[in-house]
Amino acid sequence: MRWLLPPGIEDLLPTQAEALERGRRTLLDLFAAWGYRLVMPPLVEFADALLTGTGSDLAQQTFQVTDPVSGRLLAIRADITPQVARIDARDDDPAPARLCYLGSVLMAQSTPLGASRNPMQVGAELYGHAGPQSDVEILRLMLATLSATGHNSAHVDLGHVGILRGLADAAGLDAEAENTLFELLQRKAGTDIAQFVGSLDLDPAAQAWFTGLPQWFGPIGALPALRATLTGLPPAVATALDELTGIAGELLRFEPDLPLFFDLAELRGYHYHTGLVFAAYSAGFGQAMAWGGRYDGIGRVFGRARPATGFSADLKRLLAIAQDPPPPVLAPWVSDPELTALVQRLRIAGHRVVYELPGSDPGAIGERIVRRNGGWTLPNSG
């Protein structure tokens, strides 16, 4: 069957494609209003450039092909973030840079719950500022993005990769043990975590840290009480909790009605994030709608290691609630300059207007342009 597409790859039919284009325009205008400038990295790059630095974590998700022109190995991007870091590294302006992007990416591996392997990735990144204010700005822009695409009941989970790293360093875990623990935490596999931690030569305090970590979550207002019960924490973990608490407080000053939670086992992007991590969820959707965090030094491999923070989302997922547009206005097939002028005015005003093709079924239509009192009119146009 020639019309079949690979698993996770889909056509966008008119309703979806039109919604995607409206969403694209809306979000790019939103980002521009916040001072974020659009960049357009290429879909394909040399593999040794695209998969260097933080991009190396994406190797299993990246399609690679041989370029018949250069003879070199090419990679089709699975994430735009490393490309934007390369673009920022080309500029020697020391001022903070606000950049945004929107484009297709391609995943080589299957994705959870039937998600698209060909997302339309949209996001914004702020380079050159290390303070909590830039994290808060990115979080607020993420919330504005969700609101602009119809997700007005979002809640946000905050985490910090410095917590697991600090605990692992204090416990003396090697890289293999830390990675195993990370994988178990991703699955919130409490029994497996307890069994694995029990197999390590750890003191009771360290064992309690790791087995308790999956339960360290709740409304942000409960974080101080939890912290008071966590005695003997390594200094690096205390510092990470201070950062998380400070960012949460600053965010709530701008967004006092935001449902804000903490999840200290939230480790999305653990291998390349350096501090705060976050995810936003919308009512009725089981998966995160947007996610991000801080990744200082992401441009180091390109010669410019600047502080950086950002978020991204799949525009297709954001627009899953898109509705069919109203049916079009139907104009008669008449070559009358007055009618032509009315059709033009209606289209400029935002109406969809189609001409009735003689001998055909017009399909679903809204209003009809009619001739009345010697002129053409749309009866219910006011």
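Residues take their numbers from the sequence shown, with the count starting at 1.
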Going through the checks in order, is the side-chain contact (heavy atoms from CB on, under 4.5 Å) test met by Q16 and E10?
CA-CA 11 Å; Q16 301 161 305; E10 67 286 324; over 6 Å; no
Determine, step by step, whether D88 and R304 satisfy the side-chain contact (heavy atoms from CB on, under 4.5 Å) criterion, reporting the C-alpha distance in whole Å, the side-chain angles of both residues, the deciding distance to 0.1 Å, and the verdict.
CA-CA 8 Å; D88 176 68; R304 197 179 193 209; 3.7 Å; yes
Start with the C-alpha gap between F262 and T245, add the side-chain angles, then the distance that decides, and say whether side-chain contact (heavy atoms from CB on, under 4.5 Å) holds.
CA-CA 9 Å; F262 68 93; T245 302; over 6 Å; no
Checking V277 against L267 for the side-chain contact (heavy atoms from CB on, under 4.5 Å) test, could you report, in this order, the C-alpha distance in whole Å, the side-chain angles of both residues, the deciding distance, and whether it holds?
CA-CA 7 Å; V277 290; L267 300 169; 6.0 Å; no
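Note that OH of Y295 is 5.5 Å distant from OH of Y127, once rounded to the nearest 0.5 Å. Atom CG of D242 sits about 9.5 Å away from atom NE2 of H160, to the nearest 0.5 Å. In this structure, E250 CD and R253 CZ are separated by 4.5 Å, a value rounded to the nearest 0.5 Å. Taking CG from L139 and OG from S134, the interatomic distance works out to 10.0 Å, rounded to the nearest 0.5 Å. Atom CD1 in I80 sits 8.0 Å away from atom OG in S104 (nearest 0.5 Å). Atom CG of L141 sits about 7.5 Å away from atom CD of E137, to the nearest 0.5 Å.
Contact check for L223 versus W216: no side-chain heavy atoms found under the 4.5 Å cut-off. Using a 4.5 Å heavy-atom cutoff, the side chains of L106 and L43 are not in contact. For the pair F210/L202, a side-chain contact is recorded, criterion being any heavy-atom separation below 4.5 Å from C-beta on. Between D157 and F217, every side-chain heavy-atom pair lies at or beyond the 4.5 Å cut-off. When side chains are defined from C-beta on, L73 does not count as touching D67, because their heavy atoms never get closer than 4.5 Å. When side chains are defined from C-beta on, V44 does not count as touching L50, because their heavy atoms never get closer than 4.5 Å. Side-chain contact between I163 and L213: present, with at least one pair of heavy atoms (C-beta onward) separated by less than 4.5 Å. Residues Q195 and D192 form a side-chain contact, since some pair of their non-hydrogen atoms from C-beta on lies under 4.5 Å apart.
Closest heavy-atom contact between F63 and M107: CE1-O, 3.5 Å.
Scored by the salt bridge (charged side-chain N to carboxylate O under 4.0 Å, His left out) test, D169 finds no partners at all (sequence neighbours excluded). Listed by chain and number, the residues in a salt bridge (charged side-chain N to carboxylate O under 4.0 Å, His left out) with R371 are D336 (sequence neighbours excluded).
Remark: the backbone N or O of A288 is paired with a side-chain donor or acceptor of R317 at under 3.5 angstrom. R117 places a side-chain N or O within donor-acceptor distance of the main-chain N or O of P7, the cut-off being under 3.5 Å. Of the possible polar contacts, none joining the D11 side chain to the L13 backbone as a donor-acceptor pair under 3.5 Å is found. In this structure a side-chain-to-backbone donor-acceptor pair under 3.5 Å is present from K316 to N118. Of the possible polar contacts, one joining the E338 side chain to the W376 backbone as a donor-acceptor pair under 3.5 Å is found. H155 places no side-chain N or O within donor-acceptor distance of the main-chain N or O of F261, the cut-off being under 3.5 Å. In this structure a side-chain-to-backbone donor-acceptor pair under 3.5 Å is missing from H351 to V353. Between the side chain of Q83 and the backbone N or O of P42 there is at least one donor-acceptor pair closer than 3.5 Å. Between the side chain of S147 and the main chain of L143, no donor-acceptor pair closer than 3.5 Å is present. Here the side chain of E356 pairs no donor or acceptor atom with the backbone of P332 at under 3.5 angstrom.
Under a hydrophobic-cluster definition in which Ile, Leu, Val, Met, Phe, Trp and Tyr are linked whenever side-chain heavy atoms come within less than 4.5 Å, directly or via other members, F46 and F302 are assigned to different clusters. Under the 4.5 Å side-chain heavy-atom criterion for Ile, Leu, Val, Met, Phe, Trp and Tyr, L357 and L339 are members of the same hydrophobic cluster. Hydrophobic clustering of Ile, Leu, Val, Met, Phe, Trp and Tyr side chains at less than 4.5 Å, counting indirect connections, keeps Y355 apart from L330.
With respect to the salt-bridge test (charged N to carboxylate O, under 4.0 angstrom), the residues R72 and D48 qualify. In summary, E21 and R25 engage in a salt bridge, as defined by a charged side-chain N under 4.0 Å from a carboxylate O.
There is a side-chain donor-acceptor pair under 3.5 Å between D79 and Q121.
With a 6.0 Å radius and a threshold of 12 heavy atoms from other residues, nucleotides or ligands, R347 has its CZ atom above the threshold. Summarising the local packing, CG of D201 is surrounded by 12 or fewer heavy atoms from other residues, nucleotides or ligands at distances under 6.0 Å.
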